[in-house]
Amino acid sequence: MKKRILSGLRPTGKVHIGNYFGALSNWVKFQKEYECFFEVADWHVLTTDIEHTDIMQQQIIETVKDWLAVGIDPEKAVVFVQSGVKEHAEFHLLLSMLVSVPRLQRNPTLKEQIRDLGKEEEKISYGHLGYPVLQTADILLYKPEKVPVGEDQLPHLELSRELARRFNTLFGETFPVPEPILSYAPRVPGIDGRKMSKSLNNAIFLSDTEQEVESKIRKAFTDPKKIRLGDPGHPDGCVVFAYHNLVNKEEVPDIRKNCESGKLGCVECKKNCAFEMNEFLNPIRERRKNLSDDFIREILKQGTEKAKEFASNTMREVREKMNLWR
Ligand code: TRP
């Protein structure tokens with residue numbers, strides 16, 4: 001029997017190379033070893049973005065197109081939409097009785113989000129405070145042994161582990177306590193050197209055209225001390241060098257040497273980087289082209305049905321153990 005994993009991402013539309021190297025590339029590998037559930041966490045988007053529901057449907061389609069284009073295989077993995085499985089909402093309600101408000105307020109990922117959004121703490125919605133409780137419902141309903149996540153999600157998973165234990169103590173052994181898988185995930189800088197993020201306008205998207213990639217890399221932040229050809233460069237801290245590391249591994253030692261000695265100038269180095277990035281993206285673009293919106297909808301419909309079957313069995317068990325109406 002294969003072990004089961006579950007992971008999710010918020011459907012923010014176009015997927016960027018930071019999302020790919022941080023999470024998706026690992027998901028693709030996990031499909032061989034594990035029974036996989038991959039969730040489109042659309043309800044989670046509402047915690048920070050309640051004003052843009054008009055684009056939600058399209059965001060879901062675009063996101064999942066990118067997932068399939070990089071190699072998520074709906075024959076191997078269950079790809080489903082959170083809001084299509086209402087059991088998540090029911091379980092979220094029940095779990096919300098097992099956690100205190102101060103416990104949720106202590107969540108460092110929430111604090112970071114509040115800071116990034118420039119919000120005041122008092123304006124945080126009840127739903128946003130409960131973000132990791134909903135995430136726990138997502139996870140536990142599928143009883144996975146493991147949950148691959150990025151580092152920022154570890155505090156959420158810690159809560160999921162606490163809630164699993166608490167449920168088991170109160171109502172009898174029901175949920176395996178899920179283990180995080182913290183895969184090797186390079187921190188991918190955006191073209192301006194900050195963390196790559198859609199909202200910071202510094203991302204390279206999997207669906208960018210060749211010209212867009214060239215133009216973005218041409219503008220990318222490099223070593224500010226290297227002004228003209230011949231100046232010795234410092235590849236650590238250079239965005240373009242970080243990209244070479246992702247898509248042009250074999251040449252990295254030479255690039256480092258020639259950058260540091262001054263032999264390699266930034267113009268040539270960027271051209272080379274854009275070329276390699278496009279080589280990497282071309283097969284993804286090709287697969288993406290062949291995926292229609294209708295096909296994606298059909299995949300999600302089937303995946304969501306499978307997920308629902310699993311989740312509704314778990315919920316039946318939960319209602320029984322908690323002596324709720326059934
Ligand atoms: N919170 C995750 C993120 O921001 C998305 C997510 C929702 C998730 N449900 C999950 C991740 C369950 C792992 C497991 O990307």
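The analysis underlying the following values was restricted to heavy atoms, covering all of them including side chains, and did not include hydrogens, waters or symmetry mates.
For the residue pair Lys143 and Thr314, no side-chain donor N or O sits within less than 3.5 Å of a side-chain acceptor on the partner. Donor-acceptor pairing under 3.5 Å is recorded for the side chains of Asp42 and Ser83. For the 3.5 Å distance criterion, the side chains of Gln105 and Glu121 fail to qualify, holding no donor opposite an acceptor. With hydrogens and angles left out, the side-chain atoms of Asn168 and Arg165 include no donor and acceptor closer than 3.5 Å.
Counting only residues at least two apart or on different chains, the ring-ring contact (aromatic ring centres under 6.0 Å, His included) pairs with a member in residues 98-136 are His44-Tyr131, Tyr131-His156.
With sequence neighbours excluded, the residues satisfying side-chain hydrogen bond (donor to acceptor under 3.5 Å, both in side chains) with Asp66 are Arg288. For Gln31, the side-chain hydrogen bond (donor to acceptor under 3.5 Å, both in side chains) criterion is met by no residue, not counting sequence neighbours. Among residues two or more places apart in sequence or in another chain, the ring-ring contact (aromatic ring centres under 6.0 Å, His included) test is passed with Trp27 by Phe38, Trp67. Taking the side-chain hydrogen bond (donor to acceptor under 3.5 Å, both in side chains) definition, one finds that Glu87 meets it with Lys308, sequence neighbours left out. Under the side-chain contact (heavy atoms from CB on, under 4.5 Å) criterion, Glu158 pairs with Arg161, Glu162, not counting sequence neighbours.
Side-chain contact check for Pro189 versus Arg194: every heavy-atom pair is 4.5 Å or farther apart. Annotation: side chain of Asp236 is in contact with side chain of Arg256 (closest heavy-atom distance under 4.5 Å). Proximity of Thr47 to Ser125: side-chain heavy atoms (C-beta onward) are nowhere separated by under 4.5 Å. Leu68 has its side chain within reach of Phe295: a pair of non-hydrogen atoms, C-beta onward, lies under 4.5 Å apart.
For Glu298, the CD atom is densely surrounded, since the number of other residues' heavy atoms within 6.0 Å is greater than 12.
Phe21 has its ring centre no less than 6.0 Å from the ring centre of Tyr243. Checked against a 6.0 Å centroid threshold, the rings of Phe175 and Tyr142 do not count as neighbours.
Listed for the Lys321 side chain is a donor-acceptor partner under 3.5 Å among the backbone atoms of Glu173. A donor-acceptor pair under 3.5 Å is formed between the side chain of Asn19 and the backbone N or O of His16.
The structure places CZ of Arg166 at 13.5 Å from OG1 of Thr136, a figure rounded to the nearest 0.5 Å. Within the model, atoms CG of Leu110 and CD of Gln113 stand 6.5 Å from one another, a figure rounded to the nearest 0.5 Å.
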Practice problem: Report the C-alpha separation of Lys216 and Asn202 in whole Å, then their side-chain angles, then the decisive distance to 0.1 Å, and conclude whether the side-chain contact (heavy atoms from CB on, under 4.5 Å) test is met. | Solution: CA-CA 8 Å; Lys216 285 180 182 178; Asn202 63 3; over 6 Å; no

Quiz prompt | From CA spacing to verdict: salt bridge (Lys or Arg N to Asp or Glu O under 4.0 Å), Glu268, Lys271 | solution = CA-CA 5 Å; Glu268 186 189 342; Lys271 263 194 199 142; over 6 Å; no

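A salt bridge is absent between Glu90 and Lys86: the closest approach of a Lys/Arg side-chain nitrogen to an acidic carboxylate oxygen does not fall below 4.0 angstrom.
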